[in-house]
Protein chains: 4
Amino acid sequence: MGIHERKEREKERRRQQIMIAAKRVFSANGFAKSTMEDIAREAELSPGTIYLYFKNKDELYASLSLRILQYLNIRLKHVINHKGLEPEEYVEALKQAMYDVYDFDPLIVINMFQLQSSESVKNLSPELLSEIIELSQNSLGTMADIFEKGIKKGIFINHHPQAIADALWGMFSGLILWEESKKLFHENKDHLKPNMEIAFELFTRGIRLHQNPALLKDVAPPTPQ
Amino acid sequence: MGIHERKEREKERRRQQIMIAAKRVFSANGFAKSTMEDIAREAELSPGTIYLYFKNKDELYASLSLRILQYLNIRLKHVINHKGLEPEEYVEALKQAMYDVYDFDPLIVINMFQLQSSESVKNLSPELLSEIIELSQNSLGTMADIFEKGIKKGIFINHHPQAIADALWGMFSGLILWEESKKLFHENKDHLKPNMEIAFELFTRGIRLHQNPALLKDVAPPTPQ
Amino acid sequence: MGIHERKEREKERRRQQIMIAAKRVFSANGFAKSTMEDIAREAELSPGTIYLYFKNKDELYASLSLRILQYLNIRLKHVINHKGLEPEEYVEALKQAMYDVYDFDPLIVINMFQLQSSESVKNLSPELLSEIIELSQNSLGTMADIFEKGIKKGIFINHHPQAIADALWGMFSGLILWEESKKLFHENKDHLKPNMEIAFELFTRGIRLHQNPALLKDVAPPTPQ
Amino acid sequence: MGIHERKEREKERRRQQIMIAAKRVFSANGFAKSTMEDIAREAELSPGTIYLYFKNKDELYASLSLRILQYLNIRLKHVINHKGLEPEEYVEALKQAMYDVYDFDPLIVINMFQLQSSESVKNLSPELLSEIIELSQNSLGTMADIFEKGIKKGIFINHHPQAIADALWGMFSGLILWEESKKLFHENKDHLKPNMEIAFELFTRGIRLHQNPALLKDVAPPTPQ
DNA sequence: CATGAATGAGCATTCATTCAT
DNA sequence: CATGAATGAATGCTCATTCAT
């Protein structure tokens with residue numbers, strides 16, 4: 001391994017170190033209430049060092065979104081590359097991929113929505129911004145591909161695949177956000193996984209054209225009162 | 001009407017005026033990048049005046065969430081108070097209520113999640129905070145009540161009603177957020193309503209134990225290829 | 001006097017107060033080593049207040065140059081408006097005007113040259129910049145007009161009037177700068193006035209076509225040794 | 001040549017390399033807006049290396065002034081050592097020396113005045129400071145010697161020679177500064193040399209007791225209007 | 001009540017300087 | 001010697017908040 005390559009690797013490690021610290025701080029305090037010094041302290045670096053790796057606070061923030069998108073994208077690629085599965089199996093794999101994304105970084109999905117500020121977008125380098133855009137398009141596109149398989153096979157409901165993908169992703173991220181805010185206000189323990197399980201089940205039931213009676217066995221209707 | 005009452009009314013009008021301005025500014029720039037002066041200018045008031053009506057920036061921000069929750073709560077009360085409907089009809093009314101919430105204030109749902117910061121919560125008056133908590137619990141509880149009706153009647157899938165309500169709310173707000181961020185990055189026109197329509201359809205299909213063949217007529221499966 | 005007018009006047013007073021403080025601080029420490037807090041302290045104001053009156057440090061700095069240019073311009077206008085003088089008398093009045101400029105603000109002429117940085121220019125508002133440019137052109141133009149009178153009358157040497165004006169202004173400001181730096185290094189007391197007196201005498205002797213023997217009486221050549 | 005001597009020479013080359021880069025950067029951006037990294041990049045060295053040759057930014061800056069003073073001093077020594085010239089010829093040689101200084105480093109004369117900051121002086125090593133002081137005294141003294149010759153011969157006006165030298169130096173450096181600032185603001189092309197030519201002519205006319213009619217041939221008065 | 005000028009603590013960012021390699 | 005990553009103190013600037021009018 002050349003000296004250049006080692007340096008490059010070291011540099012990447014630093015970026016990761018900073019991003020991990022930033023994730024923690026932003027997740028705990030939100031963007032506005034997190035200071036670069038907080039993040040530096042968490043990363044056990046000096047404030048100046050952070051600016052060697054990230055142009056500014058907004059860009060550091062956005063990089064966290066990029067990171068989760070990259071992971072999502074990779075996981076989705078894996079799913080779609082797994083040939084010869086039935087549509088139902090693809091959806092199951094998709095669900096698992098999304099769970100993994102959640103496990104990879106439960107809170108950070110929130111951040112993607114905080115990029116909502118057009119002021120923030122101004123501070124991002126065009127490269128970073130376009131990378132985020134491309135990855136999010138790719139990811140949703142891959143999800144849509146999965147649904148398209150089922151629709152073509154006549155197993156899933158005949159809606160525009162992209163709309164189905166949007167609905168799933170919206171539900172997924174919305175639930176995470178929702179649980180987070182419940183945690184904040186209601187101090188409830190995280191029962192997100194179970195909730196998400198239910199949501200996914202409802203969703204996949206919803207897209208199937210023909211319900212599988214076997215799936216209903218656990219949810220037999222109560223005796224009407 | 002007494003003079004006191006008139007004053008009270010006038011005061012409330014001012015609060016509304018400020019909140020409307022705040023909504024616009026926060027929606028456009030996010031919490032961190034919005035200044036009190038921006039809001040004051042938008043409200044055609046002086047910065048000082050805002051502090052006569054709201055304790056601080058965090059509280060003004062949180063008040064927006066309270067407002068949408070109040071509206072949601074009222075609409076949900078209306079639904080549940082409408083006696084004698086079938087569960088399916090309740091769900092349909094619920095959907096309509098949520099659309100109305102979205103129409104009432106399309107962007108502000110986002111704000112509720114920006115309260116994520118525990119730093120922000122510290123700056124809220126206990127009254128405001130508990131009001132928010134109570135209203136959100138009430139709202140979700142009412143939604144759960146609706147689903148419970150269907151479950152008891154054996155029409156809906158037998159899951160904990162609260163979990164179903166959470167899933168629906170997560171999906172609803174997640175979609176709004178998702179569409180917002182798409183607007184920002186992809187400059188797409190808002191096809192949120194259609195997307196939300198599809199999402200709700202999938203969701204309600206998912207909770208029903210027996211699919212209504214009539215509902216499938218528009219979505220007949222394509223001839224398998 | 002209307003309330004608006006009084007406010008305007010108050011505002012102008014503040015600007016002056018800040019500029020006086022800024023002049024002192026910049027003169028003592030130079031641009032780089034002067035901090036906005038230093039200036040605020042000197043002005044007995046808070047740092048934030050300065051930014052209500054000046055966009056940034058560069059603009060505050062440049063405003064000092066504008067101020068001296070405004071004064072110079074006014075004084076020069078007075079000279080040229082004084083009709084019916086002989087060219088020699090105009091030059092004498094010009095000299096006096098420049099002395100007054102020097103008395104008005106001995107050190108600040110220096111600042112005009114520190115604007116030398118193109119980086120600084122980028123931070124100036126276009127209005128301020130163009131005002132500075134216009135005033136300096138006006139001032140030099142007026143000076144040139146004075147020399148032109150003498151040239152037309154055949155009393156002064158026939159050079160382009162603007163070049164003569166440039167030479168005079170260069171000499172004037174150069175001497176101030178030179179004395180300043182001598183003060184710094186040599187800790188000499190200010191004998192600028194006498195030096196400037198001599199410089200002006202040499203200069204005016206230089207532009208006259210026919211020397212007035214009377215003027216030489218004080219400077220009779222020493223007996224050759 | 002010993003190995004030590006070669007090393008010494010190599011070291012000196014590096015110092016020159018850095019100073020040339022520093023000159024460019026400081027001239028373009030001024031002291032405040034120039035960073036050590038800018039200079040390092042311009043010198044194709046690393047920031048750390050600069051500190052092997054210069055104690056700090058202020059000292060690097062001051063060294064530029066020292067350099068020009070050294071050159072000026074050498075040139076002036078040459079003039080005064082040229083025995084047997086007439087005073088007029090000495091002045092002509094002096095003028096040429098100053099032009100050469102200007103050619104050697106047109107912009108850097110400016111820097112000498114930026115040392116105006118007493119804060120900067122604090123950061124200089126006493127040796128450097130005293131060297132600057134000594135050289136500037138020497139240079140001006142040498143110039144004074146030249147004028148003294150003419151005064152003693154009864155050719156030049158009988159003023160204190162040092163005052164005449166100051167006037168000339170002030171005029172010279174002031175013109176450079178003035179042209180520089182005109183370049184910045186007015187975007188004029190550099191007609192400094194012609195302007196300086198005129199200034200010198202006026203000056204030397206001014207110091208001569210008896211005007212040489214031959215010198216006026218190019219500047220015959222226009223026919224009075 | 002309303003104002004908006006003033007505040008000053010707070011923060012993002014810079015950059016001269018250092019030092020391990 | 002040379003490097004350049006890391007430092008962290010310094011500083012320009014912002015902006016939530018106050019308060020005299």
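Nothing here was measured: the structure is a model prediction, and the numbers come from that model. We use all heavy atoms of the structure for the numbers below, so side chains are in, but hydrogens, waters and symmetry mates are not. Proteins come first, then strands; the chains are lettered A, B, ... in the order of their sequence lines, and each starts at number 1.
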Subject >> Atom-to-atom span, CZ of C/Arg15 to C1' of E/dA5 - whole angstrom >> reply: 16 Å

Original post:
Going by number, which of residues 36-49 of chain B have a non-hydrogen atom under 4.0 Å from DNA chain F?
Top reply: B/Met36, B/Gly48

Subject >> D/Tyr51 side chain, from C-beta outward: closest of E/dT17, F/dC1, F/dT14 >> reply: E/dT17

Original post:
C/Arg15 and C/Ser63: which non-hydrogen atoms are nearest, and at how many Å?
Top reply: NH2-OG, 4.2 Å

**OP:** For residues C/Tyr53 and C/Met19, determine if any side-chain heavy atom of one lies less than 4.5 Å from a side-chain heavy atom of the other.
**Re:** no

Subject >> Separation of atom NZ in D/Lys57 from atom P in E/dC15, rounded to whole Å >> reply: 8 Å

Original post:
Is the shortest side-chain N to carboxylate O distance from C/Lys11 to C/Glu8 below 4.0 Å?
Top reply: no

Original post:
What's the spacing between C/Leu124 CG and C/Glu131 CD if we round to 0.5 Å?
Top reply: 12.0 Å

Original post:
Tell me: CD1 of A/Ile18 to P of E/dA12, nearest whole Å?
Top reply: 15 Å

Original post:
Quick one: is E/dC1 close enough that its OP1 or OP2 comes under 4.0 Å of any side-chain N or O from B/Arg14?
Top reply: no

Original post:
Start at the 5' end of DNA chain E and walk down; is the nucleotide closest to D/Asn56 or to A/Asn56 reached first?
Top reply: A/Asn56

Original post:
Closer to the 5' end of DNA chain F via nearest nucleotide, is it D/Leu52 or A/Leu52?
Top reply: D/Leu52

Original post:
Where do D/Arg14 and D/Gln17 land on the side-chain hydrogen bond (donor to acceptor under 3.5 Å, both in side chains) test, with the steps shown first?
Top reply: CA-CA 5 Å; D/Arg14 266 289 152 86; D/Gln17 175 189 2; 2.9 Å; yes

Subject >> Flag, side chain of C/Lys55 to backbone of C/Asn123, donor-acceptor distance under 3.5 Å >> reply: yes

**OP:** With D/Lys57 as the cation and D/Phe26 as the aromatic partner, state whether NZ or CZ is under 6.0 Å from the six-membered ring centre and within 45° of the axis.
**Re:** no

Original post:
What heavy-atom pair brings A/Ala62 and A/Ile132 nearest, and what distance separates the two atoms?
Top reply: O-CD1, 3.8 Å

Subject >> Given DNA chain E, 5'-ward residue of the pair C/Tyr53 and A/Thr35, judged by closest heavy atom >> reply: C/Tyr53

**OP:** Calculate the interatomic distance between C/Ile50 atom CD1 and F/dG12 atom P; express it in whole Å.
**Re:** 10 Å

Subject >> Spacing of C/Asp58 atom CG relative to F/dC13 atom C1', expressed in whole Å >> reply: 13 Å

Subject >> Rounded interatomic separation in angstrom, taking CD from B/Glu10 and C1' from E/dA2 >> reply: 12 Å

Subject >> Rounded interatomic separation in angstrom, taking NZ from A/Lys33 and P from E/dG10 >> reply: 13 Å

Side chains of residues 39-51 of chain A: which donor-acceptor partners sit under 3.5 Å, not counting sequence neighbours?
| from | atom 1 | to | atom 2 | distance (Å) |
| --- | --- | --- | --- | --- |
| A/Glu42 | OE2 | A/Arg24 | NH1 | 2.6 |
| A/Ser46 | OG | A/Thr49 | OG1 | 3.0 |

**OP:** Could you check how far CD of C/Glu12 sits from P of E/dA5, rounded to whole Å?
**Re:** 15 Å

Subject >> Dot-bracket line, read 5' to 3' along DNA chain E, where crossing pairs take [ ] and | marks a partner on another strand, Watson-Crick or G-U under 3.5 Å >> reply: .||||||||||||||||||||

